[in-house]
Every structure is written in structure tokens, then in C-alpha cells.
Amino acid sequence: MTKEKTNKPSKDLPLGFVDRSEKELLVRDFITSKIKEVMVKYGFKYLETPSFEYTDSIGKFLPDKDRPDEGVFSFQDENKWLSLRYDLTAPLARYVAKNYLEIPKPFKRYQLGTVWRNEKPGPGRFREFLQFDADFVGTKSLQADAELCVMISEIIEKCGLSKSEYIIKISSRKITDSIFKKINLENPEQKLTTLRALDKIDRLGWDGVKQLLGEGRKDKSGDFTKGANLSSNNIETIEKELKKKIPETEDLKEILRIFEDYNFKNFEFDPSVIRGLEYYTGPIFEVNLKFDVKNDKGQVIQFGSVGGGGRYDNLVSNFGNYDAPATGISIGLDRLVYALLQKKEFKIKQAKPVVICVFDKSLIKEYIKIQNVLRSADLSVEIYPGDGKLKKQMEYANKIKSPAVILYGEDELKSGKLTLRDLNSGNEKSITISDLVNEIKKII
RNA sequence: GCAGCAGUAGCUCAGUUGGUUAGAGCACUAGUUUGUGGAACUAGGGGUCGGUGGUUCGAGUCCACCCUGCUGUACCA
């Protein structure tokens, strides 16, 4: 190996960016194919928007900041700030505002695309990842919200998870709104801290959350987080309200009725679901896995949800005069892949090429002829990309998990037959080129 | 950002209270087999022990600072 010298380029990747293996990509392709099937069934339109948007179009405003890179990756082009999109919802709102008069109302679209976040990465969380997003724009009907939950369940199950392995959690921003009214909480900073604390019930449990609602909490590394400083009375009220098993807000009651009509049962009312604090205005949902996810060291990690969404009735109107209530849901595909890979054995067939060994460069014409015969039959095949010793070529074929090699040298030239070696069994056959396709099909 | 832990060969790791030329397994290269892979055997290459400075006769080992990674926590529009 060559020594690392100061001027050599680094082979490290930027923080939070990863190379993705064929194994992951095949699972991801499988998932996206299932998503597309379901989206067609549910009548959503396929859309793609660019990776970059003007920074202010995606909800980031930067009046006097030098670098608007908190949370997003940005650069300045011709005096305008551009940012890589951090989700697919904001670009959708921009798209709807821009094309409002042409598109059908309501507008149903789905999108698959890479998004980037300039944040600290965590287990199964990267700074570049693939997201799936489906939305209804231009309808207040809660039928839309309910259908998103049903639809996302169908996708998850098509990906191979059973009903006992995931659950859709639903809640509504209206619940926390009414609690704040009840305890007369108006200080916006306290409200925010409170919401953030409540969002953590899953991870920290009520004990931890109550510390965060009060003075604060020390995590297991010893780090201290300041709390919301609510009175113990108010904390008790919040706990009592949120422990109610049955939703009292109208929107959730209605959604539950619709779920019944769909005969949809794999959901759970969970008022601790808070999610994206800024733009949600009504029902919110989250897709949670019910099994432990481990890292490659075998430790169980805090994995969080694989997807979620909710109603955002004001996002489109931010762009102009059009009022377009909307609701949507997204899945982090790479996280889903990460989780699926440890839950299930995926046997995704990917043909490996039969290798034609290069005995003699002067026979290359013959090799190409053989290759053409196989490729015409849509078989995967390659001439060994080099001209080393036969042993090397065999090792190569073995390494790439080739099903078979074809040997054609002096002996074969004389006999007019070629040798086909099955790399699994080690058996060799001498056959004519007209039998080749059939013989290979028997092997693979 | 804050906190805890870690960094020794391509990978996984060992390295005794500080003591000569720093080790193992796997992987790699060559050979045993110049027309045959997976197994075995033999030989070989590969490391400024994350970096810089310090303590010491002597540092992979001790100290300080920095860098990187993992985990938790915060933030995540």
C-alpha cells in the first residue's frame, strides 16, 4: 500500500455521508418499486422538483446572515442564496403556488428524492438520504389524512413487515393547543420547550419528560438539559390530559370514524406524537417500528420513527394569495432499508455474469461471438476484463460469484466444442455453442 | 453544541507495572499446480501505534492540547 502523504487527497467521506452497497440499493429499489405500485393504485401523480431551491423558498430566511447553513447546505450564486432541499414538502408548496391555476384541485402528488440536512448525524441518520413523500393539497377533508395512514400501511406491509412489526401513531396539534389554554401557558419559549419535552415520551418515559417540564434533566452521559420550569400543578395537568386513551378533539374523532369505514386497525392514538413543530396545524401521524434496531456492533440504538407527517394548512399560502390546505406523509427510505435489512433476509435476485476466460488474446473474436450469443438470450455474461493467468481468472469469477465460466482455448479450437464449468458444483461439460444457452440456464 | 467512550496492518483485535528490531487471525501477493476458483501448506509485502508537543536514559503504554469515530443528549424550520 502506498503511504499517505500530506498532499494526497483524503479517502474519508464528509461527516454524515456514506457509500451505499449494492445490497442496500437492491432493497431500496425493491421498496421504491412497491411504493410506485401503491401510489398508482391510490391515484397520486409522480413529480420531481430540483435538488436546489432558492433558500427563502424552502422556508429559510436569511436577512443579514453571512452563511445560511444552519440546518441546510447553501451557497451563493449571482448574489442569490441557493440551498439543497431538506425535505420534499417545502418544494411541493412552492410548486403548487407556482402552478396553482393549471393543476387539478385537490392535487395529489408523490415524489421520491434525495434530501440533505446539515445536522449532526445519528445512528441510521445521515446528512444525505432518500425520502418518499405523498401529499394532498387543496382539501380540508380529513378523509385525505385518514387515507394517507391507510396507504402508508399498505406500503410498509408490501415491503415485508407484518402488522405486529409496525404501528401508525396519530395525534393532533389541537390537543396540545387546548392543554396550553387550560393551564394558561402563553410564553412562546415555554410552550416550545414543553412541546419538545412531550415529544420525547417514547424515549425518556414520563419520568424523564416530567424532569424536562420542570427544572431539567441529566442524560446518561451526565449532560444536563434545561427544562421548561412549569409548576408541578401544571405538569400534573399535562400528564393527566396526555394520558387519556381516547381523543377528545373533533378532527381525531372523525379520523377514527373513517378508519372504521376502512376497517383500518393498525394505529394507536398517542398524544405524545408532536413532530415538526413549525407548520403542522391539525392531525399528525408517525410510522413507528415495534422491534429493536441494532447497529453493526449489536447495540440497540435510538432509532426513532421511519416516517411521519400531518396536516399543514398554511404552508402554501405563505407563497402568495392561494389558500391551499394540505396534508402529507413521508418515509425516510434509507432508514427503512437499514431496519428491514436486519429484520428480514432479502433474497433479491441479481444475475451475476458468466465469465468467458481469456486463454489467448488472438481468440478474442471467438469470445465476442460467444458473448453475443448469450447476451442475445438476455443472459449476463462478460469476457474476463484482462488477460492474466487462468488461475487468476478463476479466482476473479469466484470472487464476483459468477455461476459459471466458459473455457475456450487450443483444445476447444480443435474439437469445435467449448468447456462450461459450473462454479458451484465444479462440474465441467464439453458442449457445442448451440447448446450453450440451454446449459447455462440449467445452471443459474 | 454539550457529555461519555474509543482510535495499533486493508478489516477485527492483542500488546503485561513505561524496556531491544510492535504481534495474531482474516484479507492481499507469489509459489506448491506455466489449462482450472472455493480447502491445505510454504514464503512474502504491508504500520512514523490518529496528530502535535511534553515528562523520561527510554513512550503504543504517562501528561496536555488538537483531530476523527461511536453512543447519549440538544437542535432538526
Side-chain angles (χ1 to χ4, degrees), chain A residues 1-6 10-16 18 55-62 68-72 83 85-87 89-90 93 115-127 129 192-193 195-197 199-200 203-204 208 211-212 216-227 274-280 294-305 308 312 315 318 332 355 357-360 363 384 388-413 418-428:
Chain A
M1 294 294 122
T2 49
K3 275 184 189 169
E4 203 80 17
K5 279 296 165 200
T6 41
S10 167
K11 41 189 193 285
D12 295 336
L13 289 166
L15 177 69
V18 286
T55 301
D56 56 1
S57 309
I58 57 170
K60 183 83 185 177
F61 303 92
L62 46 138
D69 57 359
E70 263 177 71
V72 292
S83 296
R85 61 189 177 204
Y86 64 85
D87 72 6
T89 309
V115 302
W116 294 265
R117 293 191 185 180
N118 194 353
E119 300 166 357
K120 189 202 157 201
R125 273 188 89 163
F126 306 105
R127 300 214 287 185
F129 57 99
L192 196 64
T193 314
L195 283 175
R196 286 171 181 162
D199 197 34
K200 299 176 176 67
R203 274 190 292 133
L204 309 180
Q211 288 170 28
L212 283 175
R217 171 180 180 270
K218 221 184 228 184
D219 72 39
K220 83 181 186 197
S221 68
D223 189 32
F224 186 77
T225 308
K226 252 180 77 182
I274 306 287
R275 295 195 65 76
L277 305 168
E278 203 61 31
Y279 58 65
Y280 289 125
K294 295 174 184 169
N295 63 12
D296 50 14
K297 288 177 186 161
Q299 302 166 287
V300 174
I301 51 175
Q302 289 297 343
F303 196 68
S305 63
Y312 52 99
L315 197 57
N318 283 343
V355 173
C357 290
V358 178
F359 266 107
D360 185 343
L363 292 175
Y384 176 75
K389 288 182 182 169
L390 190 55
K391 177 171 173 163
K392 254 204 150 127
Q393 303 193 27
M394 295 295 292
E395 279 170 359
Y396 167 81
N398 192 48
K399 184 93 181 174
I400 65 166
K401 299 201 167 74
S402 168
V405 295
I406 291 167
L407 302 171
Y408 192 85
E410 270 178 57
D411 300 350
E412 287 81 4
L413 193 59
L418 32 80
T419 304
L420 177 66
R421 183 182 175 93
D422 181 333
L423 285 180
N424 256 329
S425 64
N427 295 335
E428 260 178 31

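The structure displayed is predicted, hence computed values, not measured ones. Side chains included, hydrogens not; waters and symmetry mates left out as well; all remaining heavy atoms used. Residue numbers begin at 1 in each chain, while the letters A, B, ... track the order of the sequences.
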query: Nearest heavy-atom pair of A/G16 and A/P121: which atoms, and what distance?
result: CA-CG, 3.7 Å
message: Once hydrogens and angles are ignored, does a donor-acceptor distance under 3.5 Å link the base of B/rC75 to the side chain of A/R117?
response: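 By the distance-only test, no, there is no pair.
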message: On the side chain of A/K391, is there an atom forming a donor-acceptor pair with the base of B/rG31 - under 3.5 Å, no angle test?
response: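 Answer no: no donor N or O sits under 3.5 Å from an acceptor.
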- line: Sorted by position of nearest nucleotide on RNA chain B, 5' first, the leading residue of A/W116 and A/E412 is A/E412
Upstream residue (5' side of RNA chain B) when A/K389 and A/G409 are each assigned their closest nucleotide: A/K389
message: When you compare the ring of A/Y86 with the six-membered ring of B/rA77's base, are the centres less than 5.5 Å apart and the planes under 30° from each other?
response: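 Here A/Y86 meets both the 5.5 Å and the 30° conditions.
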field: Proximal nucleotide (of B/rC76, B/rU73, B/rU36) relative to the A/L390 side chain
entry: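 Taking heavy atoms from C-beta onward, the closest nucleotide is B/rU36.
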- prompt: Of the candidate nucleotides B/rC76, B/rA74, B/rA77, which contains the atom at the shortest distance from the side chain of A/T225?
  reply: B/rA74
- prompt: Under 3.5 Å, side chain of A/S402 to main-chain N/O of A/A404, donor-acceptor pair present?
  reply: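 Indeed, once roles are kept as given, a pair shorter than 3.5 Å links the two residues.
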Mind checking [X] for me? I need base, sugar-phosphate or nothing, with any heavy atom below 4.0 Å counting as a touch.
{"X": "A/R203", "answer": "sugar-phosphate"}
{"X": "A/L204", "answer": "sugar-phosphate"}
{"X": "A/D87", "answer": "nothing"}
{"X": "A/L407", "answer": "base"}
{"X": "A/N318", "answer": "nothing"}
{"X": "A/K226", "answer": "nothing"}

query: In residues 392-399 of chain A, which ones come under 4.0 Å of RNA chain B, going by heavy atoms?
result: A/K392, A/M394, A/E395, A/N398
Using whole Å, report how far [atom1] of [X] lies from [atom2] of [N].
{"X": "A/I301", "N": "B/rG4", "atom1": "CD1", "atom2": "C1'", "answer": "18 Å"}
{"X": "A/L423", "N": "B/rG37", "atom1": "CG", "atom2": "P", "answer": "11 Å"}
{"X": "A/L195", "N": "B/rA74", "atom1": "CG", "atom2": "P", "answer": "14 Å"}
{"X": "A/K120", "N": "B/rU68", "atom1": "NZ", "atom2": "P", "answer": "13 Å"}
{"X": "A/E428", "N": "B/rG38", "atom1": "CD", "atom2": "C1'", "answer": "15 Å"}
{"X": "A/L13", "N": "B/rC70", "atom1": "CG", "atom2": "P", "answer": "11 Å"}

message: Under the rule for ring-ring contact (aromatic ring centres under 6.0 Å, His included), what residues qualify as partners of A/F303, not counting sequence neighbours?
response: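 In terms of ring-ring contact (aromatic ring centres under 6.0 Å, His included), with neighbours along the sequence ignored, A/F303 is linked to A/Y338.
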statement: By ring-ring contact (aromatic ring centres under 6.0 Å, His included), A/Y384 pairs with (sequence neighbours left out) A/Y396
message: Looking at A/R196, I'd like to know whether one of its side-chain N or O atoms comes within less than 4.0 Å of OP1 or OP2 on B/rC76.
response: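 For A/R196, the contact criterion (side-chain N or O under 4.0 Å from OP1 or OP2 of B/rC76) is met.
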query: How does RNA chain B read in dot-bracket, base by base from 5' to 3', with Watson-Crick or G-U pairs under 3.5 Å and | used when the partner is on another strand?
result: (((((((..((((.....[...)))).(((((.......))))).....(((((..]....))))))))))))....
- prompt: What residues, two or more places apart in sequence or in another chain, satisfy side-chain contact (heavy atoms from CB on, under 4.5 Å) together with A/P403?
  reply: A/K352, A/V354, A/I443, A/I444
field: P atoms of B/rC75 and B/rG7, separation to the nearest Å
entry: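 So the two P atoms sit 31 Å from each other.
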field: With A/Q211 via side chain to side chain donor-acceptor pair (under 3.5 Å) - residues at least two apart
entry: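 Expected list: none.
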Inter-residue atom distance [X].[atom1] - [Y].[atom2], 0.5 Å rounding:
{"X": "A/L15", "Y": "A/K120", "atom1": "CG", "atom2": "NZ", "value": "9.0 Å"}
{"X": "A/T419", "Y": "A/D411", "atom1": "OG1", "atom2": "CG", "value": "7.5 Å"}
{"X": "A/E428", "Y": "A/D422", "atom1": "CD", "atom2": "CG", "value": "10.0 Å"}

query: What do you reckon, is CD of A/E410 surrounded by more than 12 foreign heavy atoms closer than 6.0 Å?
result: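 No, not enclosed.
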